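Nothing here was measured: the structure is a model prediction, and the numbers come from that model. First the proteins, then the strands, lettered A, B, ... as listed; each starts at 1.
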Amino acid sequence: MRSVNPSVSERATKIEHKNKTIPVGGIGKSGYVRMEFELDNNGKSILRNLDRRVPLIVQQALYFDEQMPELPCVYILSSGGPNVDGDRYRQEIILKEGSCAHISTGAATKIASMRHDHSALYQFISLAEGAYLEYIPEPIIPCRNARYFSETEIVVAPSATLFYSEIFLCGRKYHGEVFAYDLLSLYTHAEREDGQQLFREKMVIQPDKDCLTDTGKLHDYDVFANVIVLTPPESADELYCQTDAFIDNEKKLAAGITRLPNRCGLQYKVLGGETQLVKSAVREFCSKVRTIIKGRPVPKEFPWR
Amino acid sequence: MERILNLVRLLQFSDSAFPTGAFSFSNGLESATEHGIVCDSETLREYVRTMATQTAHTDAVIAINTYRNHKKSDYEGICRADKMVVCYKLKEESRAMSIRMGRKMAELACRLCSDMMLKRWLTDITGGQTCGTLPVAQGLTFAACDLSESALFCSQLYGTANIILGAALRCMRISHYDTQQILFSLNTHFETLYQEAREMKLENINTFSPEADIFTALHEKGKKRLFMN
């Protein structure tokens with residue numbers, strides 16, 4: 001397996017760190033998760049290896065998906081509450097040949113208000129031939145003055161399918177926080193095992209500097225979702241044909257789909273006024289992906305989610 | 001002070017009549033006007049500002065990098081940048097536009113000026129060794145003609161703004177006076193954007209225009225069109 005890059009935070013920021021909080025690397029400041037899924041002797045997909053460090057917790061893999069009972073479903077939780085100043089997280093998700101998994105988080109991830117430093121997440125996702133992963137975490141809520149950097153490195157085999165989604169809110173609206181955060185830097189890139197680069201996307205959002213309400217940026221939307229589907233070209237073509245791009249002014253919801261470079265898959269973007277509508281659109285899209293790849297839809301979401 | 005010859009060549013390369021096919025694209029404006037989102041002078045000005053900023057933080061960084069690599073005779077660096085453009089242009093229509101216009105510009109530039117690196121690059125495009133994207137073609141052309149880095153940047157941003165404003169005249173109710181006022185007011189931001197772009201490393205190329213991405217997606221999927229996809 002390829003060795004993973006050093007933490008994104010080492011190079012992602014020039015923000016001065018003054019040691020007024022628990023220092024970076026202190027106990028509870030460096031969350032770590034490594035999950036390895038593979039097929040057991042009976043051909044069942046299982047979470048074979050798990051390693052973790054506080055504050056991250058991984059729940060036991062459960063097989064509760066009624067449409068796909070062979071799918072191990074895993075929730076990542078944080079015992080520390082929101083991401084705070086100086087937090088560094090690292091998540092490694094490995095799916096071996098033919099295995100499958102569904103990964104989510106227990107609740108929305110808040111990026112707390114920050115004074116001196118930033119919070120960062122580095123993710124490494126690797127899918128071997130024929131693997132299938134749905135990664136659908138709950139939304140991220142950046143609070144006032146939050147600064148958050150993430151890097152997601154994906155290594156995917158040509159016959160594998162990855163559904164990767166992220167949803168970002170404008171802040172805690174109830175507290176009057178609408179794009180009151182300082183900075184979001186979201187970097188996602190994918191390669192083949194031989195190093196061939198498939199695509200890269202870096203989004204940098206600085207509400208103070210950028211005119212987010214400009215036409216073409218977020219305009220009057222408060223929530224945006226970014227979905228990457230890496231899948232073989234024939235599945236991508238089918239999915240592209242089945243998925244509409246639309247702007248629904250009544251619902252205040254818009255979505256668009258495009259083909260990624262190097263025929264590696266698709267990107268689906270959703271903008272909305274309300275979180276629930278955007279979440280539903282992402283889930284509906286995931287259901288289309290699963291139907292094409294596995295022949296079965298995603299079941300109805302739990303009412304408490 | 002810029003030489004007269006350089007100024008004239010800057011005007012030539014930035015002219016909408018320069019035959020790279022820019023007039024056939026609208027950068028998503030067609031869908032934005034169809035859905036009534038870009039509907040007047042103010043919303044059009046915002047949209048042009050959004051797209052000009054995206055150009056400054058993506059294609060302009062590549063073009064400047066290419067320009068500098070031409071000066072250093074680093075051909076490998078130029079090909080790496082070319083490959084990178086394809087990887088960060090996630091919208092199919094934008095990729096197609098960049099490759100189509102890049103090739104046209106390379107062909108034209110090779111006829112206009114004699115430059116070994118440009119010729120080698122065009123040969124590699126023809127042979128399928130490299131993609132031939134627009135920002136790389138622009139960087140090479142400006143370096144080959146010994147125009148300045150800042151002139152290259154101005155030409156790119158002016159081009160982005162002009163494509164959209166030209167398209168606006170054809171697909172929404174707006175006058176030439178309005179489009180020229182928009183261009184005139186936005187030009188004042190170019191200096192700040194240039195300072196950002198010239199300092200930016202390739203790994204920091206970034207973009208954030210989700211609504212514009214959806215406009216482009218609508219255009220890709222749509223059947224009605226004045227402009228190409």
Side-chain angles (χ1 to χ4, degrees), chain A residues 11-12 151 168 184-191 196-207 209-221 223-226 228 240-241 243-249 253-271, chain B residues 27-29 31-32 34-40 42-54 57-58 80 83-96 99 131 164 192 196 200-222:
Chain A
R11 57 175 189 272
E151 178 179 348
F168 292 89
L184 290 184
S185 171
L186 315 165
Y187 178 36
T188 309
H189 54 108
E191 291 93 31
Q196 185 209 345
Q197 194 172 20
L198 298 175
F199 80 90
R200 79 180 287 284
E201 182 177 42
K202 188 169 197 172
M203 292 186 278
V204 177
I205 312 159
Q206 293 173 276
K209 183 172 165 268
D210 305 333
C211 305
L212 289 183
T213 52
D214 269 4
T215 312
K217 289 202 172 172
L218 284 172
H219 202 178
D220 55 353
Y221 297 103
V223 184
F224 81 92
N226 197 26
I228 299 291
Y240 183 82
C241 292
T243 309
D244 287 328
F246 64 88
I247 295 176
D248 186 332
N249 290 326
L253 189 71
I257 187 164
T258 193
R259 288 188 174 94
L260 288 170
N262 299 304
R263 289 181 60 77
C264 69
L266 304 166
Q267 184 182 42
Y268 188 60
K269 287 198 177 183
V270 187
L271 291 173
Chain B
N27 272 333
L29 185 77
S31 305
E34 192 187 334
H35 286 82
I37 293 161
V38 173
C39 55
D40 54 20
E42 183 50 31
T43 48
L44 178 62
R45 195 179 67 83
E46 284 179 10
Y47 192 64
V48 176
R49 182 166 66 184
T50 297
M51 301 314 282
T53 307
Q54 302 312 305
H57 293 165
T58 54
R80 270 199 304 277
K83 207 171 175 182
M84 191 170 177
V85 176
V86 173
C87 285
Y88 75 66
K89 287 215 178 282
L90 301 194
K91 293 168 282 181
E92 194 177 20
E93 201 169 281
S94 308
R95 273 198 308 281
I99 290 169
C131 311
I164 302 168
T192 315
E196 289 172 3
M200 213 180 265
K201 292 178 180 167
L202 290 188
E203 61 264 30
N204 289 330
I205 282 176
N206 67 81
T207 174
F208 185 69
S209 52
E211 192 182 38
D213 296 344
I214 290 174
F215 294 154
T216 313
L218 281 160
H219 196 250
E220 278 177 30
K221 283 251 164 190

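Contact of B:Glu42 with chain A is not made at all, since no heavy-atom distance falls under 4.5 Å. For A:Ala254, the parts lying near chain B are the backbone and the side chain together; criterion is any non-hydrogen pair under 4.5 Å. Contacts between B:Phe215 and chain A at a heavy-atom distance below 4.5 Å involve the side chain alone, from C-beta outward. With a threshold of 4.5 angstrom between heavy atoms, A:Tyr268 does not approach chain B through any atom at all. At a 4.5 Å heavy-atom cutoff, the contact between A:Leu260 and chain B is made by backbone and side-chain atoms alike.
For the atom pair B:Lys83 NZ and A:Asn262 CG, the distance stands at 8.5 Å (nearest 0.5 Å). Atoms CG and OH, on B:Asn206 and A:Tyr187 in that order, are 11.5 Å from each other to the nearest 0.5 Å. Atom CD1 of B:Ile214 is separated from atom NZ of A:Lys269 by 8.0 Å, given to the nearest 0.5 angstrom. To the nearest 0.5 angstrom, B:Arg95 atom CZ is 9.5 Å from A:Arg259 atom CZ. Here the CD-SG distance, from A:Gln197 to B:Cys87, works out to 4.0 Å after rounding to the nearest 0.5 Å. Note that the CG atom of A:Asp214 and the CE atom of B:Met51 stand 12.0 Å from one another [nearest 0.5 Å].
Across B:Val38, B:Thr53, B:Asp213, B:Val48, the residue that shares the most heavy-atom pairs under 4.5 angstrom with chain A is B:Asp213. In terms of non-hydrogen atom pairs under 4.5 Å with chain B, the most contact-rich of A:Val270, A:Ile257, A:Ile247 is A:Ile247. Contacts with chain A were tallied for B:Gly36, B:Ala212, B:Ser31; B:Ala212 has the most, counting heavy-atom pairs under 4.5 Å.
Between B:Arg49 and A:Cys211 there is a side-chain heavy-atom pair separated by less than 4.5 Å. A heavy-atom distance below 4.5 Å is not found between the side chains of A:Lys202 and B:Ile205. With contacts defined as side-chain heavy-atom distances shorter than 4.5 Å, the pair A:Leu218/B:Glu211 does not qualify. For the pair A:Leu212 and B:Phe208, the minimum side-chain heavy-atom distance is below 4.5 Å.
Although no hydrogens or angles enter the test, the distance criterion places no donor-acceptor pair under 3.5 Å between the side chain of A:Arg200 and the main chain of B:Lys89. B:Thr50 contributes a side-chain N or O that, together with a main-chain N or O of A:Thr215, makes up a donor-acceptor pair within less than 3.5 Å.
Each of B:Glu92, B:Lys221, B:Glu220, B:Glu93 was evaluated against A:Thr258; a single residue qualifies, B:Glu220, per the side chain to side chain donor-acceptor pair (under 3.5 Å) test.
When all heavy atoms of A:Gly256 and B:Ala217 are compared, the closest pair comes out as CA-CB, 3.5 Å. Closest of all the heavy-atom pairs between B:Leu90 and A:Phe199 is CD2-CB, 3.8 Å.
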